[in-house]
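These numbers come from a predicted model, not from an experiment. Lettering follows sequence order; numbering is per chain, from 1. Atom set for the values below is all heavy atoms of this structure, side chains included, hydrogens, waters and symmetry mates excluded.
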2 protein chains.
Amino acid sequence: MRSELELTPIAKGDAADGPHYLALRDQIALGIEMGKLAPGSKLPSERQFQGDSGAARGTIREALFQLEAEGLIYRRDRSGWYVSPPAVTYNPTRWSGFMTYVAEQGRTPATETLSKELVSAPPAVADIFRTAPGTPLYNIHRRRSIDGRAVLVERIIVDPTLAPGLVDRSLDGSLTQILAGDYGLTVVRNRVDMRPCALVKFAADALGVKPGTPGLLVVRTSIGADGRVVEYDQEYWRHDAIRVHVDLDVRG
Amino acid sequence: MRSELELTPIAKGDAADGPHYLALRDQIALGIEMGKLAPGSKLPSERQFQGDSGAARGTIREALFQLEAEGLIYRRDRSGWYVSPPAVTYNPTRWSGFMTYVAEQGRTPATETLSKELVSAPPAVADIFRTAPGTPLYNIHRRRSIDGRAVLVERIIVDPTLAPGLVDRSLDGSLTQILAGDYGLTVVRNRVDMRPCALVKFAADALGVKPGTPGLLVVRTSIGADGRVVEYDQEYWRHDAIRVHVDLDVRG
DNA sequence: TAGTGGTCTAGACCACAGA
DNA sequence: CTGTGGTCTAGACCACTAG
């Protein structure tokens, strides 16, 4: 399969351009920006690049890692490198769920429940729910995709006394709507923590990426009118899939 | 210099532990968590690790990159690898500046002005300020540190008609306070955008890191009472230095 | 089964930090 | 100056994907 991407073989004395891997990066990035490579399309193989550029495979990979860190490309394990689709914008100030805001941005969201069970609260979690360690809590694992590409895996914890029988329902849609509509749980306060991270094993496996791939951890704590925690949610995002936007009035 | 970190030489048939570089990662991470390596302290050199573990230098480096991506360690160019200090928490809902919130967290902030000048607004920037391209605007570059370690470089744009003579002052402190105190510019709305990124050349150079090092881009747009943009600020953070916390009342 | 990326080795030379 | 990380080569074998 010939790629439409043209690579200039590496010159000899090219110190002016900086390291080879950055020159390579620039060529590939240019190809993406010029639209020669559409989002979602596959890049030539590493060995293909090797032949075209004359660089060693390690150097090629360094260029690809660079582009991956920038969010321009991603990989599917042992399948190949692909051009990243645009990121979606997540706005924690708006109380609309994933299914809604992804659709609003013209993309197709999907949710898949990986597991749901009743577990005993470990001390750290019990603390968040202001209950005793060992208290039974719902623990839900879900994977969410945009346009068929898995972008996040999440672990949700809900207090069963607030939403009895929750795990007997289908959770492949909007949990927000279920909690609000079926249980009358309205959220008055939303706490969100975000930090760049490396995807830990369980998240990496669920997303089909290499452990250590850069990611973004978003932790949401939703608090109801009575001050109780309605939902505690840890979301591990692919770093190239999300953009966070906060818009707020300044008080004090 | 002997390190206090003990490494187990890599066994032969150790497929059970996964790849060598992850086993190595685990050993080093353990050393950090156990407190054998304090924040800010230097790790053994790559060649030192090589001798201790028996792995090739490339494998060693892979383990180190992994830890870097996780935010546990960072490097100083051609100097060595160091244990990362804890991250500070940034709360965009509170209108307090860097100098304030860093100090509140028991750390020592510092600001350094790299450049300040009057420039012509490029189209994209003019659009944000709702003015014509070519309009003169203040362009300020600053570098900010925590406990002596550079953690972010920022580019701030301010409309000189709102803050005449701004660049004639010392900007090594809180710009927030200057704009509010000396110019009476109060902010009623704050827009914040965040996304993981790779540090581009100018930011990488200013922070003394390799281009492509993972980072977090925070873009803040502060809007005054009259609806005009008071300050437009792009902050490039080291990814291991920041944590974002948003706490808000849900409306609508 | 053929091709892909994932891991690993064992070298080499360079630019730069720091004493 | 010495030691550090930064870059690069030219191989090798493996685990897995996908046709």
Legend entry - A/Gln105 (side chain) donor-acceptor with A/Thr89 (main chain) under 3.5 angstrom: yes
Inset, instruction - List for me each residue that meets side chain to side chain contact (heavy atoms under 4.5 Å, CB included) alongside B/Ser79, sequence neighbours excluded, and say none if there are none. - result: B/Arg76, B/Tyr82
Legend entry - Spacing between B/Trp81 atom CH2 and D/dG5 atom P, to the nearest angstrom: 8 Å
Legend entry - Nucleotide nearest A/Pro19 (side chain, heavy atoms from C-beta), chosen from C/dG5, D/dA18, D/dT7: D/dT7
Would you tabulate the nitrogen or oxygen pairs shorter than 3.5 Å linking the protein to nucleotides 10-12 of chain D?
from   : atom 1 : to      : atom 2 : distance (Å)
D/dA12 : N6     : A/Arg57 : NH1    : 3.3

Legend entry - B/His141 side-chain N/O to B/Val153 backbone N/O, donor-acceptor pair under 3.5 Å: no
Inset, instruction - Return no unless some side-chain N or O of A/Ser45 is found under 4.0 Å from OP1 or OP2 of C/dT4. - result: yes
Inset, instruction - Check the distance between D/dT4's C1' and B/Leu64's CG and give it to me in whole angstrom. - result: 13 Å
Inset, instruction - Apply salt bridge (charged side-chain N to carboxylate O under 4.0 Å, His left out) to B/Arg169 and list each qualifying residue two or more places apart in sequence or on a separate chain. - result: B/Asp182
Inset, instruction - Using a cut-off of strictly less than 4.0 Å, decide whether B/Ser79 has a side-chain nitrogen or oxygen near OP1 or OP2 of D/dG5. - result: no
Legend entry - Rounded interatomic separation in angstrom, taking NZ from B/Lys42 and C1' from C/dA19: 12 Å
Legend entry - Selection: residues 65-78 of chain A, any non-hydrogen atom under 4.0 Å of DNA chain D: A/Asp77, A/Arg78
Inset, instruction - From the options D/dT9, C/dC8, D/dG5, select the nucleotide whose nearest atom is closest to the side chain of A/Thr59. - result: D/dT9
Inset, instruction - Go through the structure and list residues passing salt bridge (charged side-chain N to carboxylate O under 4.0 Å, His left out) with B/Arg107, not counting sequence neighbours. - result: B/Asp147
Inset, instruction - Figure out the CD1/P separation between A/Ile60 and D/dC8, and round it to whole Å. - result: 10 Å
Inset, instruction - Mind calculating the distance between CG (B/Asp205) and P (D/dG6) to the nearest angstrom? - result: 14 Å
Inset, instruction - Measure from CD on B/Glu62 to P on C/dT7 and round the result to the nearest Å. - result: 6 Å
Legend entry - Any residue meeting side-chain hydrogen bond (donor to acceptor under 3.5 Å, both in side chains) with B/Glu235, in chain and number order, not counting sequence neighbours: B/Arg220, B/Trp237
Inset, instruction - Could you tell me which residues satisfy salt bridge (charged side-chain N to carboxylate O under 4.0 Å, His left out) with B/Glu46, sequence neighbours excluded, listed by chain and number? - result: B/Arg57, B/Arg61
Legend entry - Value in whole Å for how far the C1' atom of C/dG6 lies from NE2 of B/His20: 13 Å
Inset, instruction - For B/Arg243, check side-chain hydrogen bond (donor to acceptor under 3.5 Å, both in side chains) against everything at least two apart and list the hits. - result: none
Inset, instruction - Quick one: which residue pairs count as a side-chain hydrogen bond (donor to acceptor under 3.5 Å, both in side chains) with a foot in residues 197-210 of chain B, not counting sequence neighbours? - result: B/Lys201-B/Asp205
Legend entry - Nucleotide D/dG5, atom C1' - distance to OH of A/Tyr21 in whole Å: 12 Å
Legend entry - Check: B/Phe202 ring centre within less than 6.0 Å of B/Tyr236 ring centre: yes
Inset, instruction - Please list all pairs passing the salt bridge (charged side-chain N to carboxylate O under 4.0 Å, His left out) test where one or both residues lie in residues 77-90 of chain A, with sequence neighbours left out. - result: none
Legend entry - Intra- and inter-strand pairs of DNA chain D in dot-bracket (Watson-Crick or G-U wobble, both distances under 3.5 Å; | for another strand): ||||||||||||||||||.
Legend entry - With sequence neighbours excluded, residues passing side-chain hydrogen bond (donor to acceptor under 3.5 Å, both in side chains) with A/Arg149: A/Asp240
